[in-house]
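First comes the structure, then the notes that go with it.
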Amino acid sequence: MMPSQPAQGRRLSPETRMTAKLLARELKRQFREIVSGPEGFRGELTVEVSDALRIAEVSRFAKSELGFDYLVDITTIDNDNETPRWTAVYHLYSYKHLCHLRLKTSVSEESSELPTVSGVWRTANWHEREAYDMMGIKFNGHPDLRRILMWEGYPFFPLRKDFPLAGKPSEMPDLAFTDVAPLEGGPFVTVAGDNDPTAREPRVRNPEE
Amino acid sequence: MVATRQLEVKDSAARSAQAMEELRDVQGEKMILNMGPSHPATHGVLRLVLELDGEIITKADPEIGYLHRGDEKIAENMTYNQFTPYTDRLDYLAPLANNVAYSLAVEKLLGIHDKLPERCQYIRVICCELARISAHLLGLGAFAMDVGALTVFLHTFTEREKIYNLIEALTGARFTTTYTRIGGLSRDLPEGWTDELAKFTKEVSAAIGETDKLLTRNKIFVDRTKDVGVISREEAIDFGLTGPNLRGSNVEYDLRKAHPYLVYDQLNFDVPYGEVGDCYDRYLVRMEEMRQSVRLLDQCLAKLPGGPVCVDDGKVVLPDKQKVLSSMEELIHQFMLVTHGQDAPTGEVYFGAENPKGELGFYIMSKGGGVPYRLKIRAPSFANLSILSHTLPGHMISDVVAVLGSLDFVMGECDR
Amino acid sequence: MSSTEIGYNSKIEGDVIHTRLDAAVSWFRKNSLWPMPMGLACCAIELMAAGASRFDISRFGAEVMRFSPRQSDLMIVAGTVTYKMALAVKRIYDQMPEPKWVIAMGACASTGGMYRSYAVLQGIDRLLPVDVYISGCPPRPEALLEGFMRLQNKITNEPHINDAKPARAREAFVA
């Protein structure tokens with residue numbers, strides 16, 4: 001085993017390495033109608049894909065043509081009262097070009113479905129299972145969509161904004177049970193967003209309010 | 001007359017392949033074996049449902065979630081500083097590294113990550129590298145113990161006790177340190193700590209050498225780990241492996257070199273990587289990483305500058321207690337920081353750090369205010385474990401323990 | 001019932017001692033407690049440290065950390081018990097033969113700790129009868145050894161022969 005000597009032909013020379021901006025522009029050129037952006041914030045680029053049902057196609061192009069061979073993470077966000085309710089965020093990374101790219105797409109609550117990208121990156125298998133477990137978004141074409149962190153038969157989706165932190169009681173005989181955690185009404189905390197200092201005052205908040 | 005026969009002794013991969021060939025026409029029943037969640041060799045609460053054909057595994061289904069504590073939901077109800085103790089308990093073998101990664105992610109969101117004082121950055125590097133040595137010592141000790149070498153475990157734990165002494169002098173707790181704060185550190189180094197650390201680096205080099213002598217050319221260890229659990233380069237990238245597991249599979253990529261954070265670009269170190277991608281390679285990568293960490297620690301000690309350890313911004317870092325009790329401005333800052341938290345801008349960031357287990361990433365989406373709207377923890381062990389259902393089939397049961405030990409995962413991080 | 005502490009000098013008294021059977025049995029039991037480490041999270045690391053050379057739990061006769069419930073008499077629940085894991089812990093506890101004791105090590109095992117969330121069982125005493133609670137997050141190995149010694153004192157003062165109660169009937173509150 002050698003120390004860090006680069007093997008021949010594995011790392012691209014600086015001329016062929018592209019920046020995230022150029023790669024994002026390539027992506028936009030290929031999928032002109034559905035891709036918008038890129039937006040930059042703190043040195044990161046985010047590209048918005050407006051048609052969620054074509055995210056697998058966009059991902060396949062990103063992997064095979066643009067060289068984004070590593071899917072870092074799939075995150076899902078619950079936008080609460082906004083429509084569309086769900087946002088899925090895909091963090092991509094390219095070992096060839098050494099840059100990140102973020103793909104965002106939105107799904108409405110009525111459909112709550114996304115095509116799977118586990119055919120593109122095999123690591124997406126477990127990430128999508130977690131997204132299904134925590135948020136309740138289904139992934140079409142996933143080989144094995146079942147809960148991963150909670151148990152089969154748990155009736156709720158915990159990371160949704162309308163699910164309280166203390167949890168709700170449930171019972172799966174012989175498998176698991178849940179109870180409400182004693183939070184004395186709710187965590188004593190401030191809210192995200194809202195610049196109004198009265199609204200931001202730390203106090204007990206229940207999701208039902 | 002004694003008849004002699006030529007015996008060909010193959011390695012474990014060839015043996016299992018040959019066994020599968022021979023057994024192909026023998027239609028036996030497959031057995032389902034449940035390993036865990038309470039099992040000495042699963043390094044935490046992991047459940048493996050193995051389908052066995054005799055001794056050979058035909059299907060492996062890891063089941064996780066037995067330590068799912070709801071960290072991400074808790075994060076939506078805590079200010080940024082209040083969440084730091086929860087990050088300790090993610091990869092609980094290297095809590096300092098998790099603290100640093102989280103603080104860097106929040107500081108990136110706040111836009112102050114390039115304004116950290118030099119001394120703070122050097123101390124954070126020292127913390128990360130100490131955590132790396134600590135985590136690898138335990139990982140190798142547990143791996144060796146599972147494979148059969150019990151002595152190594154006791155030796156590495158003695159070194160870890162020395163690390164615990166250092167960390168306790170620095171932060172007050174043996175592990176679960178909660179040492180960093182947003183914008184800096186909770187306190188500066190105590191007096192004489194750097195001398196203790198210098199003494200320690202010499203002792204740990206000797207201990208690493210000892211472990212090396214015990215294991216690296218030990219026939220039993222080599223036979224149990226060579227060509228077992230081979231993960232090819234393409235599989236490693238496709239399954240999202242990071243850290244020593246990725247580097248063991250012939251991908252030379254280290255976040256500290258590719259996207260340097262803190263002061264890693266000013267320090268000299270090498271990044272070891274393996275060739276074959278078997279358990280033995282991953283073991284060698286971790287051993288060499290420990291030696292490089294010692295090298296980094298020595299450099300940091302030599303270059304450690306003086307100065308403040310926190311950003312000089314009243315809206316981010318708690319002000320001095322004396323001033324809080326006497327001056328109005330500091331009182332208001334203290335009040336706002338404790339009740340409302342730091343006022344983050346609207347936006348989202350992702351920051352990944354090179355943790356001992358791999359790339360620990362934090363994705364923070366903020367809608368303003370002191371509480372994140374969504375915090376996602378990208379845990380390296382989550383991706384590292386997903387490869388088990390792909391790698392284990394074809395191996396024998398006894399190889400499962402070697403593969404699990406070499407992947408070196410932590411369930412606290414995997415399940416969050 | 002009362003028990004007598006066994007302390008004797010073999011040069012003076014010889015190799016034979018006289019004591020109550022109860023006291024002898026409690027002496028045997030408390031000095032050879034074989035733990036079943038239910039190491040779930042971070043406290044498991046401190047449990048391992050207590051078993052390693054510096055804090056040496058084998059001084060107390062407990063170095064045989066059997067992972068088989070049938071061969072142990074003390075279950076040390078070290079770490080956060082989630083709802084998913086809870087019934088597995090109960091099943092393993094039920095498999096342990098009498099007499100058995102439980103130490104809840106750490107804040108998470110005692111009361112749920114700092115994890116007040118939907119997925120964490122708020123204390124293992126909701127399922128099992130706990131004899132000793134050790135606080136700390138994680139408790140130092142010295143704290144674990146102190147808890148261990150308190151358990152040993154408790155065993156000394158328990159009836160073993162005449163009024164032996166099964167673990168379920170000892171002051172346990174199963175919520």
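Here the structure is a predicted model, which means the values were calculated and not measured. A, B, ... follow the sequence lines: proteins, then strands. Residue 1 opens every chain.
From A:R102, atom CZ reaches atom OH of B:Y350 across 10.0 Å, with rounding to the nearest 0.5 Å. Note that NZ of B:K376 and CE of A:M134 are 10.0 Å apart. Values are rounded to the nearest 0.5 Å. Here the CD atom belonging to B:E63 is positioned 9.5 Å from the CD1 atom belonging to A:I148, to the nearest 0.5 angstrom. Taken from NE2 in A:H91 to OH in B:Y363, the straight-line distance is 5.5 Å, to the nearest 0.5 Å. Taken from CG in A:L98 to NZ in B:K257, the straight-line distance is 13.5 Å, to the nearest 0.5 Å. Separating the CG atom in A:D73 from the CD1 atom in B:I377 is a distance of 10.5 Å, to the nearest 0.5 Å.
The part of B:L241 that comes within reach of chain A is its backbone (N, CA, C, O), which places non-hydrogen atoms under 4.5 angstrom from that chain. Only the side chain of B:T242 has a heavy atom closer than 4.5 Å to any heavy atom of chain A. Residue contact with chain B, scored on non-hydrogen atoms closer than 4.5 Å, involves the side chain of A:E130 exclusively. Of the two parts of B:R416, only the side chain, counted from C-beta on, holds a non-hydrogen atom closer than 4.5 Å to a non-hydrogen atom of chain A. Heavy-atom distances place the backbone of A:R160, and not its side chain, under 4.5 Å from chain B. In this structure, the portion of B:L246 lying under 4.5 Å from any heavy atom of chain A is its side chain and not its backbone. In this structure, chain A has heavy atoms under 4.5 Å from both the backbone and the side chain of B:E72. Residue contact with chain A, scored on non-hydrogen atoms closer than 4.5 Å, involves the backbone and the side chain of B:I74 alike. With a 4.5 Å cut-off on non-hydrogen atoms, B:E235 touches chain A through its backbone and its side chain both. For B:N384, no part lies under 4.5 angstrom from a heavy atom of chain A. For a residue to count as touching a neighbouring chain, one of its non-hydrogen atoms must lie under 4.5 Å from one of that chain's; by this rule B:P345 touches chain A with the side chain only. Only the side chain of B:Y253 comes within contact range of chain A, with at least one heavy atom under 4.5 Å from a heavy atom of that chain. Residue A:H127 touches chain B through both its backbone and its side chain, counting heavy-atom pairs closer than 4.5 Å. No part of A:R147 comes within reach of chain B, as not one of its non-hydrogen atoms sits under 4.5 angstrom from that chain.
The pair B:D238-A:K63 counts as a salt bridge, with a side-chain nitrogen and a carboxylate oxygen less than 4.0 angstrom apart.
The shortest non-hydrogen separation linking B:G240 to A:T123 is N-CB, 3.8 Å.
Between chain A and the residues B:D415, B:L385, B:V349, the largest count of heavy-atom pairs under 4.5 Å involves B:V349. Note on A:V89, A:D144, A:D133, A:V120: by heavy-atom pairs under 4.5 Å with chain B, the leading option is A:V89. Chosen from B:T346, B:D61, B:T79, B:V276, the residue pairing most often with chain A at heavy-atom distances under 4.5 Å is B:D61. The candidate with the highest count of non-hydrogen atom pairs below 4.5 Å against chain A, out of B:H390, B:H68, B:E234, is B:H68. The residue among A:T76, A:L71, A:T46 with the most heavy atom pairs within less than 4.5 Å of chain B is A:T76.
More than 12 heavy atoms of other residues, nucleotides or ligands sit less than 6.0 Å from atom CD of B:E51.
At least one side-chain heavy atom of A:Y70 sits less than 4.5 Å from a side-chain heavy atom of B:E359. Between B:Y66 and A:L149 the shortest side-chain heavy-atom distance does not fall below 4.5 Å. With a 4.5 Å cut-off on side-chain heavy atoms, A:W126 and B:I64 count as touching. A:L159 places a side-chain heavy atom less than 4.5 Å from the side chain of B:R374. Here the side chains of A:R42 and B:E348 are not in contact, with every heavy-atom distance at 4.5 Å or above.
Every residue was checked against the salt bridge (charged side-chain N to carboxylate O under 4.0 Å, His left out) condition with B:D71, not counting sequence neighbours, and none meets it. Partners of A:K28 under the side chain to side chain contact (heavy atoms under 4.5 Å, CB included) rule, at least two apart in sequence or in another chain, are A:V35.
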*Audit row: A:Y93, B:H259, ring-ring contact (aromatic ring centres under 6.0 Å, His included) steps and yes/no*: CA-CA 12 Å; A:Y93 186 77; B:H259 301 276; 5.5 Å; yes

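A cation-pi contact links A:K161 to B:Y373, judged by a cut-off of 6.0 Å to the six-membered ring centre and 45° from its axis.
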